[in-house]
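Step one of this worksheet: look at the structure below.
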Amino acid sequence: MKLFSAPGTCSTAMHIALEWIGKPYEVEHLDHAAMKAPDYLELNPSGVVPTLVDGDMALPEGMAILLYLVDQHPDAKIGPAPDSAERKDLHRWLAYLTGTLHPYFWLHFTPMRFTVAPEGQPPVQAASHILIDKALTQIDQHLEGRNWIVGDRKSVADAFLYPMASWGYDLDKPTSAYPNIDRVLRKLASDPAVQKVHEMQGTSARVDLAA
Ligand SMILES: N[C@@H](CCC(=O)N[C@@H](CS)C(=O)NCC(=O)O)C(=O)O
């Protein structure tokens with residue numbers, strides 16, 4: 001398997017999942033220009049990371065990749081099996097994380113894509129902070145009294161929360177203001193697989209593990 005990724009982005013989640021699986025894989029880190037190059041656009045017409053290549057197959061879209069990895073590697077137990085009662089919860093939370101929380105961060109990071117007026121960018125960012133707070137509050141409430149997002153073991157849903165909530169540490173209302181998310185992020189930041197991913201990316205955990 002080969003993952004096309006970029007340090008610190010959402011594709012960190014798929015990289016963590018590959019580490020949890022523990023089988024040989026390759027990662028290629030792309031910069032912005034490489035994501036828009038014709039050979040990469042053949043694999044991922046959106047020109048974004050992640051893309052997973054497995055044999056002849058190239059699969060874009062984070063949620064699709066994470067579910068593929070769960071199902072192709074059942075022994076790794078990185079998500080509930082398709083016939084289990086908890087599987088619907090994995091779908092629900094992956095859909096929310098990839099389809100709601102993640103796009104809210106696009107408004108924060110790339111406000112210029114959401115307004116045609118330069119003076120419109122600060123209000124777009126301000127709106128993103130309200131939306132991100134709403135989503136992180138919902139996730140934090142869900143995590144109250146729980147160890148992980150789905151069931152009682154870590155899953156690809158937690159892996160996807162990791163980069164999203166890591167971005168949140170830079171906001172005016174930082175991720176540390178959401179105690180249950182902060183607790184899960186701390187556990188993940190201490191996970192050897194996550195630490196290996198940081199090392200391979202040349203990044204470091206945003207959670208202050210000493211605090
Ligand atoms: N719908 C895609 C979105 C992926 C996405 O937004 N990736 C970002 C990094 S977190 C990216 O590559 N952005 C580059 C760009 O938008 O030009 C997915 O879920 O995989």
Side-chain angles (χ1 to χ4, degrees), residues 1-21 25-54 57-72 78-79 90-116 121 124-125 127-129 131-132 135-136 139 149-150 155-171 175 181 185 188 194 197-198 200-206:
M1 288 182 288
K2 177 171 179 174
L3 177 69
F4 290 91
S5 180
T9 65
C10 58
S11 51
T12 300
M14 295 77 213
H15 197 168
I16 291 170
L18 287 169
E19 271 299 317
W20 282 343
I21 289 166
Y25 67 90
E26 246 183 275
V27 170
E28 185 172 336
H29 287 138
L30 303 181
D31 61 18
H32 189 79
M35 288 179 209
K36 314 301 172 196
D39 54 342
Y40 184 67
L41 289 173
E42 274 181 33
L43 304 177
N44 185 325
S46 303
V48 296
V49 288
T51 304
L52 182 76
V53 173
D54 192 4
M57 180 217 65
L59 187 62
E61 293 298 327
M63 179 170 169
I65 294 170
L66 290 175
L67 287 171
Y68 176 81
L69 291 175
V70 169
D71 292 345
Q72 291 294 310
I78 55 172
L90 180 67
H91 288 193
R92 172 195 166 184
W93 284 106
L94 277 183
Y96 189 71
L97 293 164
T98 63
T100 297
L101 177 61
H102 188 200
Y104 289 166
F105 273 103
W106 299 342
L107 304 173
H108 169 72
F109 287 123
T110 54
M112 69 296 270
R113 289 180 176 175
F114 297 90
T115 173
V116 289
Q121 293 182 29
V124 166
Q125 269 187 330
S128 81
H129 300 156
L131 292 167
I132 291 167
L136 291 181
I139 296 163
I149 296 180
V150 176
S155 74
V156 293
D158 305 290
F160 198 85
L161 178 65
Y162 187 75
M164 304 292 113
S166 295
W167 297 338
Y169 282 98
D170 290 331
L171 299 175
T175 299
I181 296 178
L185 262 269
L188 289 167
V194 175
V197 169
H198 277 304
M200 289 173 75
Q201 289 189 340
T203 56
S204 40
R206 302 307 320 277

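Start at 1 and go down the list; that is how both ligands and their atoms are numbered. For clarity, every value in this text was computed on a predicted model and none was experimentally measured. Just so you know, these numbers use all the heavy atoms, side chains as well, and skip hydrogens, waters and symmetry mates.
- For Phe105, the heavy-atom gap to ligand 1 stays at 4.0 angstrom or more.
- Considering backbone and side-chain atoms alike, Gly47 places every N or O at 3.5 Å or more from each N or O of ligand 1.
- Counting heavy atoms closer than 4.0 Å to ligand 1, residue Met164 contributes nothing at all.
- The option with the heavy atom closest to atom 17 (O) of ligand 1, from among Met35, Lys36, Glu61, His102, is Lys36.
- Side-chain atoms of Thr115 never come within 3.5 Å of backbone atoms of Met112 as a donor-acceptor pair (strictly under, hydrogens ignored).
- Each of the atoms 17 (O) of ligand 1 lies under 4.0 Å from some heavy atom of His32.
- If you check which protein heavy atom lies closest to atom 3 (C) of ligand 1, you get Trp106 CZ2, 4.0 Å.
- Between Phe105 and Phe109, the angle of the ring planes stays under 30°, which puts this pair in the parallel group of the 30/60° scheme.
- The closest protein non-hydrogen atom to atom 16 (O) of ligand 1 is Arg113 NH1, 2.8 Å.
- In the vicinity of Pro50, heavy-atom distances shorter than 4.0 Å reach the ligand 1 atoms 20 (O).
- At least one heavy atom of Val49 sits closer than 4.0 Å to an atom of ligand 1.
- Atom CD1 of Ile78 is separated from atom CD of Gln72 by 11.0 Å, given to the nearest 0.5 angstrom.
- When only modelled atom types and interatomic distance are considered, Ser204 and His198 share no side-chain donor-acceptor pair under 3.5 Å.
- Between the side chain of Tyr40 and the backbone N or O of Val48, at least one donor-acceptor pair lies under 3.5 Å.
- With a 4.5 Å cut-off on side-chain heavy atoms, Leu101 and Leu136 count as touching.
- Using a distance-only test at 3.5 Å, with no hydrogens or angles considered, a donor-acceptor pair links the side chain of Trp167 to the main chain of Gly8.
- Considering Leu66, Leu94, Val48 only, the shortest heavy-atom separation from atom 13 (N) of ligand 1 involves Val48.
- Listed for the Ser166 side chain is no donor-acceptor partner under 3.5 Å among the backbone atoms of Arg206.
- If you number the atoms of ligand 1 from 1 as listed, the ones under 4.0 Å from a heavy atom of Gly62 come out as 18 (C), 19 (O), 20 (O).
- The six-membered or imidazole ring of His15 lies away from that of Tyr162, with a centre-to-centre distance of 6.0 Å or more.
- At a 4.0 Å heavy-atom cut-off, ligand 1 does not touch Met63 at all.
- With hydrogens left out, the protein atom closest to atom 10 (S) of ligand 1 is Cys10 SG, 2.9 Å, a heavy atom.
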